[in-house]
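Notes follow the structure.
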Amino acid sequence: MTVRTRFAPSPTGYLHIGGARTALFAWAYARRHGGRFILRIEDTDVARSTPEAVQAILDGMQWLGLEHDEGPFYQMQRMPRYKEVIAQMLAAGTAYHCYTSPEELEAMREQQMARKEKPRYDGRWRPSLANEAGKALPAPPAGVAPVVRFRNPLDGTVAWDDAVKGRIEIGNVELDDFIIARADGTPTYNFCVVVDDWDMGITHVIRGDDHVNNTPRQINLLKALGAPVPVYGHLSMILGDDGQKLSKRRNSVAVTDYEARGYLPEAVLNYLARLGWSHGDDEVFSMEQFVQWFDLEHITSSAAQFNTEKLDWLNAQYIKSAAVARLAGDVARRLAKRGVDPEAGASLEHVVTLYQDRVTNLNELADAAEPFCIVVHPSEEMISTHLTDAARAALKVLRGKLAACAWEKAAIAAAMKETLTTCGLKMPQVAIPLRVTLLGQPQSPAIDAVLEVLGRNEVLARIDRYC
RNA sequence: GUCCCUAUCGUCUAGAGGCCUAGGACAAUACCCUUUCACGGUAUGAACCGGGGUUCGAAUCCCCGUGGGGACGCCA
């Protein structure tokens with residue numbers, strides 16, 4: 001049997017980082033087993049679903065490189081099918097009309113809560129079966145459009161072997177006859193999921209923890225429909241850096257935020273893979289490797305706290321080993337977005353080579369590259385502390401030597417050394433003022449390398465501006 | 001309130017009864033490298049939630065407690 005997994009987000013916002021991990025695991029499981037990965041957009045909540053959100057999800061998936069093999073399917077386009085199944089269930093008696101109003105339900109819940117019971121629909125419109133004791137149903141109120149409820153078993157238990165949590169068993173008494181179609185005829189979530197998973201031949205449902213409670217209902221529905229029950233694997237949730245539930249207010253939750261913050265998609269993927277899943281002591285690995293290793297057995301069943309510091313470290317690792325041309329291209333885009341002309345200064349590829357093993361993210365890389373492309377303005381304070389008379393004098397001497405020497409690192413370093421001897425200074429006494437002069441900041445990579453990359457004309461011009 | 005899930009260093013985790021005086025990674029601390037800042041290298045500190053069982057032996061199995069999370073919608 002071919003493995004078929006799916007990712008089924010509802011388009012009510014951006015692609016959430018927790019959703020991204022769910023997608024990653026479902027994708028990896030399909031890839032690992034030579035199966036198919038299906039993308040399904042659950043847009044039955046017309047009030048909250050937007051085309052922008054659909055696009056955001058598609059963009060997020062693409063940025064991460066999680067390609068689907070089938071879809072995207074849209075539930076709104078499957079309405080005829082849902083209606084067909086509902087009609088069948090009504091005819092078969094596995095579903096029935098219920099005329100209880102939302103207000104009545106609300107009152108029912110309040111009473112039950114007051115009695116410290118689990119709030120549930122009491123089954124007042126549930127018709128009795130031939131083999132059950134006869135029950136008189138109220139007369140349907142005139143002019144009220146009924147909802148359709150699923151006829152859930154009254155007793156017995158529903159159990160499944162969750163691929164990540166192990167066996168879970170729930171008594172049917174805990175469940176009620178949930179609504180599968182609203183008064184306006186549109187089907188609801190638990191119903192659509194079941195029909196879709198069935199129609200799409202989903203073999204493994206890998207989804208968030210928050211669906212554990214829906215699983216027994218869905219299994220009952222599947223059984224009533226005579227459909228096969230897939231394997232379920234429930235992933236625990238991701239907590240924010242602060243140990244609290246992820247919130248838009250306090251955390252970066254949209255995957256596009258991570259792109260904006262300068263993370264490489266492979267770093268995010270690698271980080272997410274290790275959040276709740278492990279392969280011994282392995283920390284840094286490619287997606288190819290991940291796909292070969294991935295299994296459901298090594299997923300942790302407890303919630304994981306997001307740790308930005310570790311993501312930062314991973315991102316730095318990936319930046320170190322990324323192709324220079326790719327990084328330069330990204331930095332150019334980031335600079336352009338800031339209004340800095342990336343063509344204005346030294347070769348970005350050379351600049352990237354200078355900085356790629358020193359930065360944590362692409363924004364830092366762009367920060368580092370920016371002074372190479374613009375006229376720098378060191379602060380007054382920086383000038384007064386570093387550009388002393390002695391320093392300026394030394395820079396003048398250095399300027400003379402730089403104007404004449406060959407333009408490569410060794411010759412530049414030699415010119416520096418000669419200047420130190422001539423002026424009786426130590427390296428930092430010249431190198432730091434020089435950094436301030438050239439880049440507007442007292443720290444930089446090896447100064448001879450910086451000079452080489454900046455270019456002779458630019459170096460001389462920048463020294464002249466302050467000496 | 002009811003039901004469900006969950007519990008190893010600050011964080012992510014390894015650990016499937018003896019290999020555990022509990023391993024790795026991030027972070028922290030110290031030192032080294034050094035032309036500044038980083039990178040890098042080396043080292044150090046740091047954990048089995050509590051209580052009962054089961055067993056010759058438990059981080060690993062069971063029960064209870066406690067903490068944390070989730071669900072209880074004509075949302076998904």
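Just so it is clear, the structure is predicted and the values come from calculations on it, not from any experiment. First the proteins, then the strands, lettered A, B, ... as listed; each starts at 1.
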Next item on the list: Locate the shortest heavy-atom distance separating A/Pro72 from A/His68; write the atom from each residue and the value.
Entry: CD-NE2, 3.5 Å
Check: For B/G70, does either OP1 or OP2 sit under 4.0 Å from a side-chain N or O belonging to A/Ser236?
Finding: no
Next item on the list: Rounded off to whole Å, could you give me the CE-to-C1' distance for the A/Met113 and B/G73 pair?
Entry: 12 Å
Notebook entry, point to check: Just checking A/Pro216: base, sugar-phosphate only, or nothing, at a heavy-atom cut-off of under 4.0 Å?
Noted result: nothing
Notebook entry, point to check: A/Asn190 has an atom CG; how far is it from atom P of B/A71, in whole Å?
Noted result: 13 Å
Checklist line | Interatomic distance at C1', B/U8 relative to B/C20, whole Å | finding: 12 Å
Notebook entry, point to check: For the pair made of CG in A/Asn315 and P in B/A38, what is the distance, rounded to whole Å?
Noted result: 19 Å
Note to self: Between B/G67 and B/A28, how far apart are the two P atoms, rounded to whole Å?
What the structure shows: 33 Å
Note to self: On RNA chain B, does the nearest nucleotide to A/Val164 precede the nearest nucleotide to A/Asp209 from the 5' side, or the other way round? Give the residue.
What the structure shows: A/Val164
Checklist line | Distance, rounded to the nearest Å, where A/His279 contributes NE2 and B/G15 contributes P | finding: 10 Å
Next item on the list: Compute both the distance and the angle, then confirm whether A/Arg6 meets the cation-pi test with A/Trp198: under 6.0 Å from the six-membered ring centre, within 45 degrees of the axis.
Entry: no
Next item on the list: Could you work out the separation of B/G41 and B/C33 based on their P atoms and round it to a whole Å?
Entry: 16 Å
Notebook entry, point to check: If the P atom of B/C56 is compared with that of B/C5, how far apart are they to the nearest Å?
Noted result: 31 Å
Notebook entry, point to check: ring-ring contact (aromatic ring centres under 6.0 Å, His included) with A/Phe150: which residues, sequence neighbours excluded?
Noted result: A/Phe178
Notebook entry, point to check: Considering only the P atoms, how many Å lie between B/U29 and B/C39, rounded to the nearest integer?
Noted result: 12 Å
Next item on the list: Considering only atom C1', compute the distance from B/G68 to B/C49 and round it to an integer number of Å.
Entry: 11 Å
Next item on the list: Identify which one of A/Trp125, A/Tyr121, A/Tyr96 satisfies the side chain to side chain donor-acceptor pair (under 3.5 Å) criterion when paired with A/Asp177.
Entry: A/Tyr96
Checklist line | Distance-only polar pair, side chains of A/Asp241 and A/Gln305, donor-acceptor under 3.5 Å | finding: no
Next item on the list: May I ask you to decide whether A/Asp162 forms a salt bridge with A/Arg167, counting only side-chain N to carboxylate O separations under 4.0 Å?
Entry: no
Check: In whole angstrom, what separates A/Asn213's CG from B/G73's C1'?
Finding: 13 Å
Notebook entry, point to check: Can you tell me how far C1' of B/G73 sits from CD1 of A/Ile180, to the nearest Å?
Noted result: 16 Å
Note to self: Within the 4.0 Å limit for protein heavy atoms, which parts of nucleotides 23-34 of chain B are touched? Write it as a string from 5' to 3', B for base, S for sugar-phosphate only, - for none.
What the structure shows: BBBBS-------
Item checked: A/Arg109 vs B/C74: side-chain N/O to OP1/OP2 distance below 4.0 Å -> yes
Margin query: Both A/Gly243 and A/Pro102 contact RNA chain B. Which one's nearest nucleotide lies toward the 5' end?
Written below: A/Gly243
Next item on the list: Write down the distance separating the C1' atoms in B/G1 and B/G10, rounded off to the nearest Å.
Entry: 35 Å
Item checked: Contact under 4.0 Å: A/His234 side-chain N or O vs B/U6 OP1/OP2 -> no
Next item on the list: Could you tell me the separation between the OH atom of A/Tyr355 and the P atom of B/A38, rounded to a whole number of Å?
Entry: 14 Å
Next item on the list: Between B/A58 and B/U42, how far apart are the P atoms? Round to whole Å, please.
Entry: 37 Å
Note to self: Taking ring pair (Phe, Tyr, Trp, His ring centres under 6.0 Å) as the criterion, tell me which of A/Tyr29, A/Phe285, A/Trp277 meets it with A/Trp293.
What the structure shows: A/Phe285
Checklist line | A/Asp330/A/Arg326 salt bridge by N-O under 4.0 Å criterion | finding: no
Notebook entry, point to check: So, is A/Ser444 close to the B/U36 phosphate, meaning a side-chain N or O under 4.0 Å from OP1 or OP2?
Noted result: no
Next item on the list: Could you state the atom-to-atom distance from CZ of A/Phe178 to C1' of B/C74 in whole Å?
Entry: 13 Å
Check: Touch check for A/Lys245, heavy atoms < 4.0 angstrom, all strands: base, sugar-phosphate only, or nothing?
Finding: sugar-phosphate
